[in-house]
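Here's the structure, in structure tokens; my notes come after.
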Amino acid sequence: MSERPVAEEFNARDRSLHPPAFAPGYKTSVLRSPRNAPIALQNSLSEITAPVFSADELGPLDNDLILNYAHGGLPVGERIIVHGFVRDEFDRPVRNALVEVWQANAGGRYRHRNDNYIAPIDPNFGGCGRMLTDNDGHYVFRTVKPGPYPWRNSVDDWRPAHIHYSICGTGWVQRLITQLYFEGDPLIAHDAIIRTIPSEGAVRQLIARLDRNAGVPLDSLAYRFDIVLRGARATWFESSVQGQPPMQSE
Amino acid sequence: MIMVNVSEYPRETASQTAGPYVHIGLAPHAAGFDIFEKNFSNVLAGPGAKGERIRIEGRVIDGSQTPLRDVLLEIWQANAAGKYHHPADRQDKPLDDAFRGWGRACSDFETGIWFFDTVKPGIVEGRGGRPMAPHVNLWIVARGINIGLNTRMYFSDEAEANARDPVLNLIEWEVRRNTLIGQRENRAGSAVYRFDIHIQGPQETVFFDV
């Protein structure tokens, strides 16, 4: 019986680009990392599908962090635009991807019940936004540049300024959470969380570049941050006669 | 300007931990404020959804046996007929427009308990046409988790289907397969599946490299 092309399948994840679960320089990972190797699982429908989001689930200001929590004033800080393309490993746009972002305010303080850093809450800044990529895989949002802040890891660890990203692509296995850092930030070289990444090239991909062509004169600078998700390709699932998945005990 | 070598094909962007304040971005009401008009939630099954109503409830437990109280989970599952609400699912089965099959839950900041209100999924065709027992897919992120953890929950009242499931059977150690079985309880007339996820330790849950 011949094999039949059935559906999209995703490239295997190259784990050498990602931080290992156990990275003791980031102390919290010690008790929150599995000790067993993950079981390799080829894609089935459970892995190649994912929720589809629609524009009417989002509000018109959801990608404008300068205005989406403004209570009678504007947030303090450097006004910036952040934009980029979500593409896959074959350099194709990932359309309609849900991009969610969150960050500290300009003083390095998060609007969160568990954050008690001395820098003040900004009454006009919530610190989160969300958007869907367009047909080119492009996204854009407006915010203020987040500040660095200290955290308990070593006695005097500081996080570089960063924006957290969550991306839902077209397949469950593309689900990704990461962080954007800013070109030129001297704290990048000292950050215990960036150091969990074993590949220098992978770290460079997390550093947004100043984009002189995307700002608004006399208003905002811009940064460009592109994201790559795992590549989707047409593939051949096994026929029902040949190619049963190898079973280790049956 | 720093760029990756242009002769290379694009590589997947590296993961970074979701951090302690993941709720701000993904569930702001849990962080303690209200910002968006519509929020994603842990209730998957609206009033019209077809199928048996169930709750999936549990904790995520670290290597010291302490429940995580700042964890966020997402669930992705087929509907009661065993079909995913996605164009790549070409099985000849009905879609349920009242059921997308996706949700997001935060653990309680005191107890570490999280839950999803959903419907029990049906059997989905797996690789090579082999049926996969009813299951939900879970993705777990938190401070200290460097890359999201993928696992599945199967159902304790599906012993026969579970015994034939191609994914459970990939797990060489039979004793570890039990870490993926949610235990059905009857609570005031409602079906609750209890599913504690152990990140580390003697009962460590099976995670998948998907």
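Numbered from 1 within each chain, the chains take letters A, B, ... in sequence-line order.
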Largest heavy-atom contact set with chain A, pairs under 4.5 Å, which of B/Met132, B/His85, B/Glu74, B/His23:
B/Glu74
Ring of B/Phe155, cation from B/Lys120 - is the NZ or CZ under 6.0 Å from the centre and inside 45° of the axis?
yes
Interface check, chain A: of B/Leu149, B/Asp89, B/Ile145, most non-hydrogen pairs under 4.5 Å belong to B/Asp89
A/Glu47 with B/Arg152: basic N within carboxylate O range, under 4.0 Å:
yes
Between A/Asn114, A/Asp115, A/Leu229, A/Val101, the one whose heavy-atom pairs under 4.5 Å with chain B are most numerous
A/Asp115
Between B/Ala30, B/Ala163, B/Ala78, B/Ala31, the one whose heavy-atom pairs under 4.5 Å with chain A are most numerous:
B/Ala31
Output the distance between atom CD1 (B/Ile147) and atom CZ (A/Arg175), rounded to the nearest 0.5 Å.
12.5 Å
Where does A/Tyr165 contact chain B at under 4.5 Å (heavy atoms): side chain, backbone, both or neither?
neither
Could you go step by step and tell me if A/Arg35 and B/Glu204 meet the salt bridge (Lys or Arg N to Asp or Glu O under 4.0 Å) rule?
CA-CA 8 Å; A/Arg35 287 295 179 274; B/Glu204 187 179 306; over 6 Å; no
Side chain, backbone, both or neither: which part of B/His135 has a non-hydrogen atom closer than 4.5 Å to chain A?
side chain
Heavy-atom distance under 4.5 Å to chain A: side chain of B/Val141, backbone, both or neither?
side chain
Evaluate the criterion side chain to side chain contact (heavy atoms under 4.5 Å, CB included) for residue pair A/Trp172 and B/Val210; output intermediate values, then yes/no.
CA-CA 9 Å; A/Trp172 186 243; B/Val210 294; 5.7 Å; no
Verdict with reasoning, A/Tyr69 to B/Phe33, per ring-ring contact (aromatic ring centres under 6.0 Å, His included)
CA-CA 10 Å; A/Tyr69 202 73; B/Phe33 66 108; 5.5 Å; yes
Under a 4.0 Å N-O cut-off, is there an ion pair linking A/Glu9 with A/Arg233?
no
Could you tell me which of B/Tyr84, B/Trp102, B/Phe36 has the largest number of non-hydrogen atom pairs under 4.5 Å with chain A?
B/Phe36
Counting only heavy atoms closer than 4.5 Å, note whether B/Phe208 contacts chain A via side chain, backbone, both or neither.
both
Which bit of A/Arg87 is near chain B, if near means a heavy-atom gap under 4.5 Å: side chain, backbone, both or neither?
neither
Selection from A/Gln174, A/Arg113, A/Arg15 maximising heavy-atom pairs under 4.5 Å formed with chain B:
A/Arg113
Partner of A/Trp151 under ring-ring contact (aromatic ring centres under 6.0 Å, His included), chosen from A/Tyr117, A/Tyr110, A/Tyr26
A/Tyr26
Greatest number of heavy atom pairs closer than 4.5 Å to chain A - which of B/Asn137, B/Val71, B/Val124, B/Ile61:
B/Asn137
Sort B/Val60 into side chain, backbone, both or neither according to what part of it lies under 4.5 angstrom from a heavy atom of chain A.
neither
Look at A/Gly126, A/Gly231, A/Ala12, A/Gly59 and state which one has the largest set of heavy-atom pairs under 4.5 Å with chain B.
A/Gly126
Region of A/Thr49 that comes under 4.5 Å of a non-hydrogen atom in chain B
both
Charged N to carboxylate O below 4.0 Å: is that the case for A/Asp14 and A/Arg230?
no
Which of the residues A/Arg130, A/His162, A/Arg111, A/Glu200 is involved in the greatest number of heavy-atom pairs with chain B at under 4.5 angstrom?
A/Arg130
Proximal component of A/Thr196, with respect to chain B [non-hydrogen, under 4.5 Å]
side chain
Of all of B/Gly32, B/Gly148, B/Gly144, which one pairs up most often with chain A through heavy atoms under 4.5 Å apart?
B/Gly144
To the nearest 0.5 Å, what is the distance between CG on A/Asp62 and CE on A/Met131?
9.0 Å
At a 4.5 Å cut-off on heavy atoms, which part of A/Leu210 comes close to chain B: side chain, backbone, both, or neither?
neither
Option passing side-chain hydrogen bond (donor to acceptor under 3.5 Å, both in side chains) with B/Tyr154 (candidates B/Asp165, B/Asn178, B/Asn162)
B/Asp165
Examine whether an atom of A/Val52 lies under 4.5 Å from a heavy atom of chain B, and if so say whether it belongs to the side chain, the backbone or both; otherwise answer neither.
both
Interface moiety of A/Leu98 toward chain B, non-hydrogen atoms closer than 4.5 Å:
side chain
Per-residue contact mode, B/Asn150 against chain A (heavy atom under 4.5 angstrom):
side chain
What part of A/Asn11 gets within 4.5 angstrom of chain B, counting heavy atoms only: side chain, backbone, both, or neither?
neither
Between A/Ser29, A/Pro38, A/Pro19, A/Pro34, which shows the greatest number of heavy-atom pairs under 4.5 Å with chain B?
A/Pro34
Pairs of heavy atoms under 4.5 Å with chain B: top-ranked of A/Ala40, A/Ser46, A/Ala21:
A/Ser46
Measure the spacing between CD1 of A/Ile121 and CG of A/Asn105 and express it to the nearest 0.5 Å.
6.5 Å
Heavy-atom contact with chain B under 4.5 Å, split by part of A/His164
side chain
Salt bridge present between A/Glu100 and B/Arg104 (N-O < 4.0 angstrom)
yes
Nearest-0.5 Å distance that lies between atom CZ in B/Arg69 and atom SG in B/Cys106:
15.0 Å
For B/Gln77, is it the side chain, the backbone, both or neither that has a heavy atom under 4.5 Å from a heavy atom of chain A?
neither
What do the steps show when you test B/Arg11 against A/Glu89 for salt bridge (Lys or Arg N to Asp or Glu O under 4.0 Å), and what is the final call?
CA-CA 6 Å; B/Arg11 316 286 296 274; A/Glu89 291 169 312; 5.9 Å; no
Please state whether the side chain, the backbone, both or neither of A/Leu206 comes within less than 4.5 Å of a heavy atom of chain B.
side chain
Decide, yes or no, whether a salt bridge links A/Asp211 with A/Arg209 under the criterion of side-chain N to carboxylate O below 4.0 Å.
no
B/Glu37 atom CD, over 12 foreign heavy atoms within 6.0 Å
no
Shortest non-hydrogen pair, A/Asp122 vs A/Pro75, comes out as OD2-CA, 3.3 Å
If I measure from the heavy atoms of chain A, does B/Leu168 come under 4.5 Å with its side chain, its backbone, both, or neither?
neither
For B/Asp70, is it the side chain, the backbone, both or neither that has a heavy atom under 4.5 Å from a heavy atom of chain A?
side chain
Between A/Val203 and chain B, which part of the residue has a heavy atom less than 4.5 Å away: side chain, backbone, both or neither?
neither
